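Quick caveat: nothing in here was measured; it's all calculated off a predicted structure. We use all heavy atoms of the structure for the numbers below, so side chains are in, but hydrogens, waters and symmetry mates are not. When a ligand or atom number is given, it counts from 1 through the structure's own listing order.
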Amino acid sequence: MLRPPNGSHGNQPIRLKTKELMESLRYDPSAARVLIDDADWDTLAEPLQTARQQTLDDVCLMQSGDIPDEKQPLDAGFIEYPRTLLESGQLAALAGSAERLRSQVDRLLVLGIGGSYMGLRALFEGLCDPFHNELSRDERRGVPRLYFEGNNLDNDTVSALLQLLQRHCSDPEDLLQRWGIVVISKSGGTLETAAAFRLFRQALETYYGADSPRSTQLVVPITGEEGKLRSFSNERGYPDVFPVPDGIGGRFSVLTPVGLYPAAALGIDVRELLRGAVDMTDQFRSQPRGKNPVLDYVATCHLLERERGMNIRVLSTWGNRLEAVGLWYDQLLSESLGKQEQGATPITGVNTRDLHSRGQQHQQGARDKLITNVIIDKPATDSVTLPQVPESLDQDGLNQLAGRGMPDLLRAAFEGTNKAYADDRRPTADIRLPELNAYCLGQLLQMLMLATVVEGRLIGINPYGQPGVEDYKRNMSEILFQS
Ligand code: PA5
């Protein structure tokens, strides 16, 4: 596992050795490069370098506190936050509180929407057991089950969760019947989350007693320094409240308490997540094109869009566990760059599943797509192999493959699919993770966040803020509060 060498923090870039690079996330655009003119690739070097510099300079600009109007909003804090957190005492406080909560509840509700929800979902689905909630507490190694709410206004799912809690939790003295809430909202005013918080808070206070210590100890708000949720939390006296740091926007906040606190409560190795992110930032800062996943990814995506009109980006994950990373990235890219009538459209694919739904269109539909595969080299579990059956039962003909593992079959599907795309001159690029672990996931998330900002700077779009989302919020408020 790649770790920063001692004393390599601060402004000193970490120099990655060849072996370490092999163990890290890799980006390989070679199959897409055949559709990119060498001259275009070369000419982009300078603007890309400028965009990288601007992205990094923005961190200093924020620290100076002197942000010019044309740069507003500027939320570049996510770039150095993982390093700051690793070096400061704040992580210990967060981990300590998460451990306390974990030891006191068997069910954890996480309330939040958009950037206050999707990052954790990506971490949970990527790093926890796919059947987490169905395991016993021992099998879960003492961490709670997880439920998401506050990310919609769906009567049936809210009602089902309230009923589930009522059915399974009747004795608050029994750990297996205790539940708690982590409520996440940077602004503190998002209606979906606020409504869910009010509903589940009422259920929680009814269960434990409104004046009982548990009714405050088992609720952990994560919110900005100001806003309605912050004021309410102060008023209610919740002992543990964590900040969404200033200068980090929702969809860039997965590696702040927003994603890290509940991740730590689930037993995810948050230090490794942060180390992965720090290493990716250092690689971004110090490495030339060809060894720099962020710059190479941006160059490939940008040139295929600019020169060939490929403005649909399919993040094609091989295996099930990265689907939520894809959904998180859908939000990151579309909310960040979908402005001023620009911005590519992201789509998440999960293969081989989606070869049977989207595959036809990707192979023969409009030539408007760049497919970026995300491949995990080594599964987390031992290979599951196809058994041999008696010949009389071999109607499916699979005895020929007996002894071959699922990874083998997946590899054949991957190679076959990408060969078919290449044969038809449809571009693909690969992001390869040696394993699906916290370190590599930290690298991947940071890579995609940095790439989004660099591309924004390259095309003259401010990647931060989401002015368009305010329109629906304003209309909804008018309908609800003024009618
Ligand atoms: O990226 C963003 O900023 C948004 O997606 C927000 O995360 C989302 O709207 C939720 O906002 P809040 O955390 O303020 O409730």
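- At under 3.5 Å, a nitrogen or oxygen of K186, whether backbone or side chain, sits near a nitrogen or oxygen of ligand 1.
- In terms of protein heavy-atom proximity, atom 11 (O) of ligand 1 is closest to T190 OG1, 3.6 Å.
- In terms of protein heavy atoms, atom 5 (O) of ligand 1 is closest to Q331 NE2, 2.7 Å.
- Between Y27 and Y297, the ring-plane angle classifies as perpendicular under the 30° and 60° cut-offs.
- For the pair Q466 and ligand 1, the shortest N or O to N or O distance falls below 3.5 Å.
- Nearest to atom 4 (C) of ligand 1 among the protein's heavy atoms is E335 OE1, 3.5 Å.
- A 6.0 Å sphere centred on CD of E470 holds more than 12 heavy atoms belonging to other residues, nucleotides or ligands.
- Scanning the protein for heavy atoms near atom 9 (O) of ligand 1, the closest one is K473 NZ, 4.3 Å.
- Ionic pairing of R140 and D106 is present here: one or more N-O contacts between side-chain nitrogen and carboxylate oxygen are shorter than 4.0 angstrom.
- Taking 4.0 Å as the cut-off, E192 does not count as a neighbour of ligand 1 on heavy-atom distance.
- Residue G115 has at least one nitrogen or oxygen atom sitting less than 3.5 Å from a nitrogen or oxygen atom of ligand 1, judged on distance alone.
- Those atoms of ligand 1 with a heavy atom of S116 less than 4.0 angstrom away are 7 (O), 12 (P), 13 (O).
- A distance-only check finds no donor-acceptor pair linking the side chain of R457 to the backbone of A51 [under 3.5 Å].
- Among all non-hydrogen protein atoms, the one lying nearest atom 8 (C) of ligand 1 is I113 O, 3.7 Å.
- Side-chain atoms of N373 and W318 form a donor-acceptor pair, as typed in the model, at a separation below 3.5 Å.
- Ring geometry for Y238 versus F197: interplanar angle of 30 to 60°, hence tilted.
- Within the 4.0 Å heavy-atom shell around ligand 1 one does not find T193.
- Close approach to S187 involves these atoms of ligand 1, each under 4.0 Å from a residue heavy atom: 12 (P), 14 (O), 15 (O).
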